[in-house]
Number of protein chains: 2
Amino acid sequence: MTETITQSIQDYLKHIYELNENGGSASTNDIAARLNIAPASVTGMLQKLSNAKPPLVIYKKHQGVTLTKNGEKAALEVIRHHRLLESFLVNTLGYSWDEVHLEADKLEHVISEDFEARMAEALGHPTRDPHGELIPTADLTMPLDKSRPLASLRTDETATVKRVSDDDPALLRHLHEIGVIPEVKVTVKNYSEFDGNITLQVAGRKSNVVLGTVITNQVFIEK
Amino acid sequence: MTETITQSIQDYLKHIYELNENGGSASTNDIAARLNIAPASVTGMLQKLSNAKPPLVIYKKHQGVTLTKNGEKAALEVIRHHRLLESFLVNTLGYSWDEVHLEADKLEHVISEDFEARMAEALGHPTRDPHGELIPTADLTMPLDKSRPLASLRTDETATVKRVSDDDPALLRHLHEIGVIPEVKVTVKNYSEFDGNITLQVAGRKSNVVLGTVITNQVFIEK
DNA sequence: AAAGTATTTTAGTCTTGCCTAAATTTTTTG
DNA sequence: CAAAAAATTTAGGCAAGACTAAAATACTTT
Ligand SMILES: [Mn+2]
Ligand SMILES: [Mn+2]
Ligand SMILES: [Mn+2]
Ligand SMILES: [Mn+2]
């Protein structure tokens with residue numbers, strides 16, 4: 001009697017996955033905040049998911065949750081849908097990178113595996129979405145992410161932008177404007193000890209830009 | 001306090017629209033059969049839809065339902081989504097015409113108006129879907145359908161196939177095989193009084209085909 | 001026109017997924 | 001380390017949308 005994975009459950013699993021990526025286990029409150037749902041409701045769902053057969057999360061009272069292998073597969077399935085969809089919308093329907101997130105958030109639960117496969121094929125089996133986020137493989141493995149925040153660079157260091165956080169459309173528009181997009185080379189011309197500001201030279205741009213930590217913590221680079 | 005039009009409601013309205021197209025009002029049982037839902041459940045929903053503000057259907061006990069203007073607009077919105085999606089899937093992802101229906105049935109409830117507009121643009125504002133069905137216009141008007149069943153043709157009459165019924169994938173594959181697809185010219189070489197069989201010459205095909213009424217009633221032509 | 005059949009409606013339940021208010025547990029702080 | 005604060009869970013409810021069984025209504029047939 002395998003648990004039916006509803007849209008709602010898919011959303012829980014997806015967000016738990018992302019929270020697990022950072023710290024260890026995902027807390028009730030964090031999940032609630034992300035899903036815009038009352039914490040009490042989250043507790044109820046966590047109990048349900050951990051009692052499912054097979055269990056989708058590991059849950060002990062007051063200690064947050066971790067995904068089981070099954071839960072992780074289900075999460076990666078949704079994340080693969082989401083990121084392929086974002087790529088597809090940009091490529092095929094001319095969406096800009098700040099417009100795709102909401103649309104993909106709805107479609108990700110609804111497309112068939114056939115649709116997924118056809119998108120991947122049409123896009124040439126991409127490894128990253130328009131924001132540079134890694135796309136889980138068809139067999140649901142998440143590639144290793146070697147990037148770190150731009151905020152961790154210091155004066156005279158050079159690196160390549162690999163991905164940017166995609167949940168704030170306004171930030172995305174701004175980054176696009178100043179040319180800070182995946183695969184672009186950047187050099188730190190100055191790092192300020194006091195406020196953490198980074199003066200950045202962006203390849204192909206005349207003038208440098210000064211970025212605060214709110215931004216430099218949402219841009220990820222590799223050297 | 002306008003009624004929220006859920007996915008479920010959209011499905012009811014869509015099928016009521018299609019039933020209204022044939023006979024007058026849609027019966028509880030017919031709606032139930034189409035939606036694969038118990039008749040008792042349908043009664044409940046019809047009451048709800050007729051009490052909505054504004055009402056989406058006109059309903060009197062034991063007399064079936066008709067859509068109001070508001071209900072019709074909502075239905076046409078979904079049907080436009082559905083048919084544009086079918087076209088889009090065929091054009092962009094290489095689906096064949098017998099594969100698109102199920103996928104479109106899920107996506108139709110989820111895409112944004114922006115998505116709809118972009119598809120229409122990308123497809124060059126088509127007026128018919130892959131099965132030849134008319135696509136409601138952007139301002140939600142259904143173009144007039146002048147076609148009639150192939151079954152109504154008699155010996156020596158010539159006509160153009162305009163559309164075919166799209167709910168049986170096996171029939172669609174068969175029709176494709178024998179070349180009976182929209183915009184193809186056909187001539188009735190013989191009509192049998194007894195069983196209604198039609199011997200059809202299909203433009204560009206060597207040998208004629210004999211079609212029974214099950215098929216000829218699901219193929220629509222214009223002279 | 002009465003009886004039988006088919007259709008539709010009513011009545012009563014169930015599941016999912018959410019909510020608020022109140023309790024409980026954990027963490028932080030003075 | 002005890003009190004205050006924050007986080008989490010329990011308890012009790014609600015709305016949507018489905019189901020089954022039984023009652024009511026409408027249609028057919030003799
Ligand atoms: Mn996204
Ligand atoms: Mn993304
Ligand atoms: Mn269809
Ligand atoms: Mn169609």
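Below, chain A is the first sequence line, B the second, and so on; all start at residue 1. Please read these numbers as outputs of a predicted model, since none were measured by experiment.
Not one side-chain nitrogen or oxygen of Tyr59(B) sits closer than 4.0 Å to the OP1 or OP2 atom of dT8(C). Contact between the side-chain N/O atoms of Gln63(A) and the OP1/OP2 oxygens of dT8(D) is not found at any separation under 4.0 Å. In this structure, Tyr12(B) does not reach the dA16(D) phosphate: none of its side-chain N or O atoms is under 4.0 Å from OP1 or OP2. In terms of phosphate contacts, Asn29(B) brings no side-chain nitrogen or oxygen within less than 4.0 Å of OP1 or OP2 of dA6(C). The phosphate of dA7(D) (OP1 or OP2) has no side-chain N or O of Lys61(A) nearer than 4.0 angstrom. Taking only side-chain nitrogens and oxygens, Gln7(A) never comes nearer than 4.0 Å to OP1 or OP2 of dT16(C). Remark: Thr28(B) is in phosphate contact with dT9(C), judged by side-chain N or O atoms under 4.0 Å from OP1 or OP2. In this model, the phosphate group of dT10(C) is not approached by any side-chain N or O of Thr43(B) to a distance below 4.0 Å at OP1 or OP2. Between Ser8(B) and dA16(D) there is no side-chain N or O to OP1 or OP2 distance below 4.0 Å.
Between His109(B) and His81(B), the gap from one ring centroid to the other reaches at least 6.0 Å.
Side chain of Thr216(B) to backbone of Leu150(B): no donor-acceptor contact under 3.5 angstrom is found.
Under a 4.0 Å N-O distance rule, the pair Arg128(A)/Glu133(A) does not qualify as a salt bridge. Comment: Arg34(B) does not engage Asp30(B) in a salt bridge, judged by the lack of any side-chain N to carboxylate O separation of less than 4.0 angstrom.
By the 6.0 Å contact criterion, NE2 on His125(B) is enclosed, its count of non-hydrogen atoms from other residues, nucleotides or ligands being greater than 12.
When side chains are defined from C-beta on, Val164(A) does not count as touching Ile181(A), because their heavy atoms never get closer than 4.5 Å.
We find that CG of Leu46(B) is positioned 12 Å from P of dA18(D), with the value rounded to whole Å. Computed from coordinates, the Gln10(A) CD to dT16(C) P distance equals 16 Å when rounded to whole Å. Following rounding to the nearest Å, His109(A) (NE2) and dT16(C) (C1') show an atom-to-atom distance of 16 Å. Put simply, CG on Leu35(A) is 14 Å from P on dT8(D), counting in whole angstrom units. Distance Asp11(A) CG to dG17(C) P: 11 Å, rounded to the nearest Å.
The side chain of His62(B) lies closest to dT9(C) when the candidates are dG17(C), dT9(C), dC18(C).
Exactly one of His101(B), His131(B), His15(B) qualifies for a ring pair (Phe, Tyr, Trp, His ring centres under 6.0 Å) with His82(B). That residue is His101(B).
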Taking only N/O atoms, report every protein-nucleotides 19-22 of chain D pair under 3.5 Å with atom names and distance.
unit_1  : atom_1 : unit_2   : atom_2 : d
dC19(D) : OP2    : Ala38(B) : N      : 2.8
dC19(D) : OP2    : Ser41(B) : OG     : 2.8

